[in-house]
Protein chains: 2
Amino acid sequence: MATPNLDVFQVIADPSRRQILHLLTKNSYNINGLAENFKMSRPAVSKHISILQTAGFVTINEIGRERYCTLNQNGFIELQNWISYFDNFWISKLKKLEITLNKKTENL
Amino acid sequence: MATPNLDVFQVIADPSRRQILHLLTKNSYNINGLAENFKMSRPAVSKHISILQTAGFVTINEIGRERYCTLNQNGFIELQNWISYFDNFWISKLKKLEITLNKKTENL
DNA sequence: TACTTATATATGAAAACGGAAATAAAACAG
DNA sequence: CTGTTTTATTTCCGTTTTCATATATAAGTA
């Protein structure tokens with residue numbers, strides 16, 4: 001299918017894909033089952049799932065001709081790692097503020 | 001400027017914008033200062049900053065004709081909230097596994 | 001064979017990204 | 001105060017990418 005190799009940020013940028021992930025927190029679905037919950041066609045869902053799988057957000061269990069999708073944590077971890085870098089920024093900012101305040105209270 | 005009102009996911013989907021955010025963890029920059037760190041033009045940087053500001057990732061301090069950009073936590077919090085919903089999914093999955101294991105060990 | 005589930009391919013529409021040129025506004029030199 | 005430079009934005013344009021559909025194909029199932 002030549003699934004485009006999108007990074008995790010591009011993958012979750014699409015609202016339909018986020019909705020799919022949301023659905024998969026409730027249950028495991030095959031492509032048809034997912035498509036019933038959307039207005040888009042089955043080929044469209046199939047492509048999204050392919051993208052989600054490639055990026056590590058979804059795992060597929062093939063049972064006969066059906067493909068059951070469940071959430072995969074890997075994609076989320078990659079996102080979390082990116083955010084945690086900035087968390088450190090806020091934490092160190094708080095520390096600097098704390099130091100500044102301590103110095104000021106010393107002079108009281 | 002009619003900045004497109006992108007959601008936080010679309011905002012961080014662009015690599016240039018993520019690079020800008022990364023740079024802003026090191027320092028506060030004005031538009032020119034940012035542009036010096038990229039191959040793109042100043043208008044391009046200006047547009048990205050506008051998008052980042054609208055989405056709550058960046059705060060702008062105007063000093064004369066210059067506009068100094070610093071990180072704003074709001075955008076990151078919105079992202080974190082989305083991810084935390086899925087964190088709960090993994091946690092409850094672990095709990096279910098724990099219960100299953102407990103039942104099995106009861107039978108030993 | 002007929003039906004179901006899913007993917008592949010080709011196509012079209014919409015949006016994003018970036019550049020160039022024009023515009024706006026503030027700082028500054030003479 | 002006039003003209004110039006600097007900083008930044010706006011507008012317009014072209015390219016590229018993304019998303020979705022329709023159609024056709026492949027493979028499992030009854």
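Every chain is numbered from 1, with letters handed out A, B, ... down the list of sequences. Below, each value reflects all heavy atoms present in this structure, side chains not excepted, and no hydrogens, waters or symmetry copies.
- For the pair R65(B) CZ and dT5(D) C1', the computed distance is 7 Å after rounding to whole Å.
- To the nearest angstrom, P of dG28(D) lies 15 Å from CD1 of I63(A).
- Here the side chains of Y68(A) and N30(A) are in contact, with some heavy-atom distance below 4.5 Å.
- Atom-to-atom, CG of N30(B) to C1' of dA26(C) comes out at 14 Å; the value is rounded to the nearest Å.
- Judged by distance alone, with hydrogens and angles left aside, K47(A) brings no side-chain donor or acceptor close enough to the base of dT18(D) to form a pair under 3.5 Å.
- The side chain of S16(B) lies closest to dG18(C) when the candidates are dG18(C), dA20(D), dT23(D).
- At whole-Å resolution of the value, OH in Y29(B) and P in dT7(D) are 16 Å apart.
- In terms of heavy atoms, T70(B) sits closest to S28(B) at CG2-OG, 3.4 Å.
- At dA22(D), none of the side-chain N or O atoms of S41(A) fall inside 4.0 Å of OP1 or OP2 (strictly under the cut-off).
- Under 4.0 angstrom from either OP1 or OP2 of dA8(D) there lies at least one side-chain N or O belonging to N32(B).
- Checking I31(B) against G64(A), the closest nucleotide of DNA chain D that is more toward the 5' end is the one next to I31(B).
- Here R17(A) reaches the OP1 or OP2 of dC19(D): one of its side-chain N or O atoms lies under 4.0 Å away.
- What you find for S84(B) and N81(B) is that their closest heavy atoms are OG-O, 2.8 Å.
- Rounding to whole angstrom units, CG of residue D14(B) and P of dC17(C) are separated by 5 Å.
- What separates CZ of R42(A) from P of dA26(D) is a distance of 18 Å, to the nearest Å.
- Nucleic acid contact for L6(A): sugar-phosphate only, since backbone atoms but no base atoms lie under 4.0 Å from a heavy atom of the residue.
- Using modelled atom types, no side-chain atom of S46(A) and backbone atom of R42(A) make a donor-acceptor pair closer than 3.5 Å.
- Remark: H48(B) is not in phosphate contact with dA16(C), judged by side-chain N or O atoms under 4.0 Å from OP1 or OP2.
- In this entry the distance linking CD of Q10(B) with C1' of dT17(D) reads 14 Å, nearest Å.
- Between L24(B) and Y29(B), the shortest heavy-atom distance links the atoms CD2-CD1, 3.8 Å.
- Each of K39(A) and V45(B) was matched to the nucleotide of DNA chain D holding its nearest heavy atom; the match closer to the 5' end belongs to V45(B).
- One interatomic measurement links the two molecules: CD of E36(A) to P of dT4(C), which rounds to 13 Å at whole-angstrom precision.
- Neither OP1 nor OP2 of dA8(D) sits under 4.0 Å from any side-chain N or O of S50(B).
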